[in-house]
Amino acid sequence: IGIGAFAYCSNLSELSLPDGVTTIGSNFIGGTKITELILPSSLIIAEQNVLGSSNVEVVTIHNTLQQMKGIAVSYKTTTIIFIGNSHQTI
């Protein structure tokens, strides 16, 4: 998914990312109304500032993510859930 792919789609409040997505570009959902995001287990690379100026409060990340470049959360992110061998919330 490219840089800013859904950025500033101000009425977008839900997004389902299918398995098969391997890379997400910077600020791909900035300026949307999405508050929860589950990254697919196929995701390998999350570019810098993935959530940008988004409203995402809860993000779920699988342990298959190999590379997270820079800050990948939004200033509104309060919960990160990691799914893998162990399941923890921070």
> Of all heavy-atom pairs between Ile61 and Leu65, which one has the smallest distance, and what is that distance?
Replying inline: CG2-CD2, 3.7 Å
With a cut-off of 3.5 Å and sequence neighbours excluded, list every side-chain donor-acceptor pair involving residues 3-15.
residue	atom	partner	partner atom	Å
Tyr8	OH	Ser53	OG	3.1

> For the atom pair OG1 (Thr23) and CD (Gln67), what is the distance rounded to the nearest 0.5 Å?
Replying inline: 9.0 Å
>> Between Leu51 and Ile38, is there shared hydrophobic-cluster membership here, with clusters defined by ILVMFWY side-chain heavy atoms closer than 4.5 Å?
In response: no
> Can you name the residues that form a side-chain contact (heavy atoms from CB on, under 4.5 Å) with Ser41, not counting sequence neighbours?
Replying inline: Asp19, His62, Thr64
>> Would you say Leu39 ends up clustered with Val21 if hydrophobic residues are merged whenever their side chains have heavy atoms under 4.5 Å apart, either directly or through other cluster members?
In response: yes
> Is there any side-chain hydrogen bond (donor to acceptor under 3.5 Å, both in side chains) pair reaching into residues 25-36, and which pairs are they, with sequence neighbours excluded?
Replying inline: none
> For Ser42 and Gly20, which heavy atoms make the closest approach, and how far apart are they?
Replying inline: OG-N, 2.7 Å
>> Please evaluate residues Leu17 and Leu37 with respect to the criterion side-chain contact (heavy atoms from CB on, under 4.5 Å), reporting the C-alpha separation (whole Å), side-chain torsions for both, the decisive distance (0.1 Å), and the verdict.
In response: CA-CA 9 Å; Leu17 298 175; Leu37 183 65; 4.0 Å; yes
